[in-house]
Amino acid sequence: MLTVTNKASEVILDLLKDKKAGASIRVFLNAGCSGPSLGMALDDANAEADQVISAGGATFVIEKDLLNQVKPINIDFITTSQGAGF
């Protein structure tokens with residue numbers, strides 16, 4: 001359903017080290033000018049609407065309906081000549 005590469009896990013855990021304990025990362029649909037993509041942000045889970053997934057040492061939340069539409073999700077962190085990101 002949702003996997004996180006080792007590199008992405010390292011970066012995510014480093015970003016979360018200064019956040020409150022138990023911080024969750026929301027995976028959401030971002031309707032950008034280049035078309036839809038998935039984004040990530042810190043957020044709390046909605047017990048009824050969300051699926052909570054532990055992966056790569058972090059907790060991710062995603063709306064159940066969205067997860068069913070886009071699964072599987074693979075989160076990676078890459079560095080290119082144009083920059084770095086998930």
Side-chain angles (χ1 to χ4, degrees):
M1 270 201 216
L2 187 142
T3 59
V4 182
T5 65
N6 289 337
K7 181 61 180 173
S9 177
E10 290 174 20
V11 174
I12 289 169
L13 294 177
D14 187 50
L15 293 170
L16 291 177
K17 70 182 177 189
D18 296 330
K19 305 298 179 208
K20 69 176 182 170
S24 297
I25 301 167
R26 174 163 303 278
V27 178
F28 62 94
L29 184 62
N30 183 21
C33 59
S34 298
S37 64
L38 294 179
M40 296 189 298
L42 294 178
D43 196 11
D44 294 324
N46 177 332
E48 293 179 18
D50 290 334
Q51 178 75 39
V52 178
I53 302 168
S54 295
T59 301
F60 295 85
V61 295
I62 184 169
E63 289 182 7
K64 292 175 185 175
D65 291 340
L66 178 60
L67 179 61
N68 287 329
Q69 292 175 25
V70 300
K71 68 182 176 184
I73 298 170
N74 184 38
I75 299 173
D76 194 7
F77 187 83
I78 60 171
T79 303
T80 69
S81 60
Q82 297 174 343
F86 293 98

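Atoms considered below: every heavy atom in the structure, side chains included; atoms not considered: hydrogens, waters and symmetry mates.
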Original post:
Do Asp43 and Phe28 come close enough that some side-chain heavy atom pair is under 4.5 Å?
Top reply: no

Subject >> Check: Ile73 and Leu38 side chains under 4.5 Å, non-hydrogen atoms >> reply: yes

**OP:** Inspect the contact between Arg26 and Asp50 and indicate whether a charged nitrogen and a carboxylate oxygen are less than 4.0 angstrom apart.
**Re:** yes

**OP:** Report the C-alpha distance between Met40 and Ile75 in whole Å, list the side-chain angles of each, state the deciding distance to 0.1 Å, and finish with yes or no for side chain to side chain contact (heavy atoms under 4.5 Å, CB included).
**Re:** CA-CA 10 Å; Met40 296 189 298; Ile75 299 173; 3.9 Å; yes

**OP:** Ignoring hydrogens and angles, tell me if any N or O in the side chain of Asn46 forms a donor-acceptor pair with the backbone of Glu48 under 3.5 Å.
**Re:** yes

Original post:
Is any side-chain heavy atom of Leu67 closer than 4.5 Å to a side-chain heavy atom of Ile53?
Top reply: yes

Original post:
Can any side-chain N or O of Asp14 pair as donor or acceptor with the backbone N or O of Glu10 at less than 3.5 Å?
Top reply: no

Original post:
Could you give the distance from CE (Met1) to CD1 (Ile62), rounded to the nearest 0.5 Å?
Top reply: 10.0 Å

**OP:** For Ala84 and Thr79, work out which heavy atoms get closest and say how close.
**Re:** CB-OG1, 3.7 Å

**OP:** Determine whether Val27 and Leu29 fall in the same hydrophobic cluster, where Ile, Leu, Val, Met, Phe, Trp and Tyr are linked whenever their side-chain heavy atoms lie under 4.5 Å apart.
**Re:** yes

**OP:** Give a yes or no on whether Lys19 atom NZ has more than 12 heavy-atom contacts from other residues, nucleotides or ligands under 6.0 Å away.
**Re:** no

**OP:** Compare all side-chain heavy atoms of Ile25 with those of Val61 and state whether any distance is below 4.5 angstrom.
**Re:** no

Original post:
Between atom CD of Glu63 and atom CD of Gln69, what is the distance when rounded to the nearest 0.5 Å?
Top reply: 9.5 Å

**OP:** Would you indicate whether the side-chain heavy atoms of Phe60 and Val4 approach each other to under 4.5 Å?
**Re:** yes

Original post:
In Å, rounded to the nearest 0.5 Å, how long is the span from CG of Asp44 to OG1 of Thr59?
Top reply: 11.5 Å

Original post:
Are Ile12 and Val52 connected in the hydrophobic side-chain network, where two residues link if heavy atoms are under 4.5 Å apart?
Top reply: no

Original post:
When rounded to the nearest 0.5 angstrom, what is the spacing between OG in Ser9 and CG in Leu16?
Top reply: 9.5 Å

**OP:** List the atom of Leu2, the atom of Ala55, and the distance in Å for their closest heavy-atom pair.
**Re:** CD2-CB, 3.8 Å

